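These notes are about the structure you will find just below.
What you see is a predicted model; the values in this text were computed from it and never measured.
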Amino acid sequence: MLEPLKNDTFLRALQGQPTDYTPVWLMRQAGRYLPEYRATRAKAGSFMNLATNPELACEVTLQPLNRFALDAAILFSDILTVPDAMGLGLSFVEGEGVRFARVLRDESSIKNLAVPDMAKLQYVFDAVRLIRKELAGKVPLIGFAGSPWTLACYMVEGAGSADYRTVKTMLYQRPDLLHRLLEINADAVALYLQAQIAAGAQVLMIFDSWGGILADGVFQKFSLAYIQRVLAQLPHSYDGITIPRIVFTKGGGNWLEQIAALEVDCVGLDWTIDLESARIRVGHKVALQGNLDPMALFGNATQIQAEVSQVLAAFHPSSSKTRITSKGHIFNLGHGINQFTPPENVATLVNAVHHQSRLLRGCT
């Protein structure tokens with residue numbers, strides 16, 4: 001029997017309910033900036049050994065919560081576990097990043113692709129169950145997946161890319177092949193997230209990391225449509241409990257209204273978007289998550305506190321009569337935390353968000 005949730009501030013903000021303060025968590029909060037993570041990673045021997053070991057994945061998921069008063073945990077895993085389960089042979093090369101042993105660049109390779117057996121990803125679901133148990137109701141647990149388009153970028157390129165020329169060439173020369181790949185990815189991601197819910201994930205997030213590299217008109221056809229295909233297959237609740245959804249498209253500010261029109265509860269924002277204008281554009285339709293520049297965490301304590309103040313004030317301008325009842329705000333970075341970030345600066349950030357947002361609400 002899982003313990004009841006002790007801190008539901010994050011969940012209430014996602015659903016637009018009043019909160020005493022602005023909840024905060026950080027993308028990639030369990031990661032290389034923490035010395036304890038690096039020690040666990042060394043013990044595992046490789047990133048894949050770490051990610052596929054439920055006990056170690058649980059350990060690193062909880063590490064930032066042991067240091068900082070964060071309002072949510074996020075499963076430690078990687079968006080590329082799904083294509084790995086499709087047989088593409090995922091590996092992480094030190095100093096170089098992700099690599100796939102097999103890439104998808106021709107008709108036969110994509111024709112033979114199929115939604116993987118979720119049993120191949122059982123280690124992820126086992127980690128979710130273990131994390132929920134070990135959290136003991138401290139904060140909610142976020143499950144996640146990459147968007148179909150973002151996964152396709154890696155599956156076609158075989159690695160990260162400066163210009164994503166190969167996948168974009170396919171997009172323009174053989175859109176039929178890319179659409180088939182995206183359909184398979186969408187259905188695989190949907191099954192993957194369904195299984196995370198069943199294992200205990202309380203919030204779902206889709207990372208559309210490379211949606212912003214697409215042209216207007218192309219984004220809607222090759223990224224947005226397939227995110228919606230995923231969302232349409234997900235339950236809005238499980239065992240009577242609402243499961244909120246967050247979508248984050250890096251570089252997606254031009255399409256904010258269209259992303260907010262998806263079946264989502266919250267839209268993640270990068271640091272290039274003005275938070276107040278974003279709030280005006282989406283109104284009360286969705287909550288907003290973000291959007292501090294991750295590099296702001298390299299300032300000193302006073303500077304970090306000032307940056308926090310600007311973000312909070314943008315969402316809750318003092319002249320607004322709706323600053324408390326506006327659809328919720330979740331404080332986050334505009335992208336993943338940099339690996340060289342001093343951990344003490346994260347503590348400064350989290351404490352500043354909680355303290356300043358309470359003052360904005362008149363809660364001391």
Side-chain angles (χ1 to χ4, degrees), residues 5-27 29 64-74 137-140 142 203 244 246 248 265-335 337 341-364:
L5 192 58
K6 301 176 179 68
N7 177 358
D8 67 348
T9 307
F10 173 55
L11 295 182
R12 286 189 285 119
L14 282 172
Q15 296 173 69
Q17 299 172 9
T19 60
D20 291 340
Y21 64 89
T22 300
V24 55
W25 71 278
L26 306 178
M27 289 185 276
Q29 66 188 23
L65 298 173
N66 294 331
R67 273 187 179 254
F68 316 117
L70 296 158
D71 294 289
I74 183 165
K138 183 176 183 178
V139 293
I142 306 167
V203 178
I246 307 168
F248 171 67
D265 301 277
C266 180
V267 175
L269 306 175
D270 66 25
W271 65 91
T272 64
I273 307 173
D274 176 74
L275 192 55
E276 183 175 1
S277 65
R279 188 174 67 99
I280 293 168
R281 287 167 63 186
V282 303
H284 295 270
K285 183 172 180 57
V286 294
L288 294 176
Q289 179 173 278
N291 64 336
L292 185 70
D293 180 354
M295 304 312 288
L297 284 172
F298 289 94
N300 61 37
T302 300
Q303 292 163 338
I304 292 169
Q305 290 162 358
E307 293 293 332
V308 167
S309 179
Q310 287 185 23
V311 172
L312 292 174
F315 191 83
H316 298 292
S318 59
S319 61
S320 172
K321 295 180 180 179
T322 62
R323 67 182 187 273
I324 295 176
T325 58
S326 295
K327 197 75 172 181
H329 177 213
I330 296 92
F331 197 105
N332 209 311
L333 303 178
H335 200 229
I337 189 170
T341 302
E344 59 269 23
N345 289 5
V346 176
T348 297
L349 171 75
V350 173
N351 293 337
V353 172
H354 286 164
H355 175 68
Q356 294 184 29
S357 62
R358 284 183 183 276
L359 292 178
L360 275 173
R361 290 164 169 80
C363 301
T364 56

May I ask you to decide if [Y]'s main-chain N or O and [X]'s side chain share a donor-acceptor pair within less than 3.5 Å?
X    : Y    : result
Q289 : F248 : no
Q310 : E307 : no
D71  : V24  : yes
R279 : F315 : yes
R12  : P18  : yes
N332 : W25  : yes
N345 : G299 : yes
Q356 : S309 : yes
H329 : G290 : yes

Identify the heavy atoms of [X] and [Y] that sit nearest to each other, and give their distance.
X    : Y    : answer
L349 : V308 : CD1-CG2, 3.3 Å
A13  : A287 : O-CB, 3.6 Å
G334 : P294 : N-CD, 4.2 Å

Heavy-atom check, side chain of H316 versus side chain of T22, under 4.5 Å: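 With C-beta onward as the side chain, the pair touches.
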Side chains of V139 and L65, heavy atoms from C-beta outward: is any pair under 4.5 Å?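 Yes, their side chains come closer than 4.5 Å.
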Nearest 0.5 angstrom please: [X] [atom1] to [Y] [atom2], how far?
X    : Y    : atom1 : atom2 : answer
M295 : L297 : CE    : CG    : 9.0 Å
L312 : F331 : CG    : CZ    : 5.5 Å
F68  : H354 : CZ    : NE2   : 12.5 Å
L288 : L14  : CG    : CG    : 11.0 Å
R358 : D20  : CZ    : CG    : 5.5 Å
F10  : D8   : CZ    : CG    : 11.5 Å

Worked check of side-chain contact (heavy atoms from CB on, under 4.5 Å) between Q305 and T348: CA-CA 7 Å; Q305 290 162 358; T348 297; 4.1 Å; yes
Set out, in order, the CA-CA distance, both residues' side-chain angles and the distance that settles side-chain contact (heavy atoms from CB on, under 4.5 Å) for T19 and R361, then state yes or no. CA-CA 9 Å; T19 60; R361 290 164 169 80; 3.5 Å; yes
For L11 and L5, what are the C-alpha separation, side-chain angles and deciding distance, and is it a side-chain contact (heavy atoms from CB on, under 4.5 Å)? CA-CA 10 Å; L11 295 182; L5 192 58; 3.5 Å; yes
Run the side-chain contact (heavy atoms from CB on, under 4.5 Å) check on F298 and Q303 step by step: do they pass? CA-CA 9 Å; F298 289 94; Q303 292 163 338; over 6 Å; no
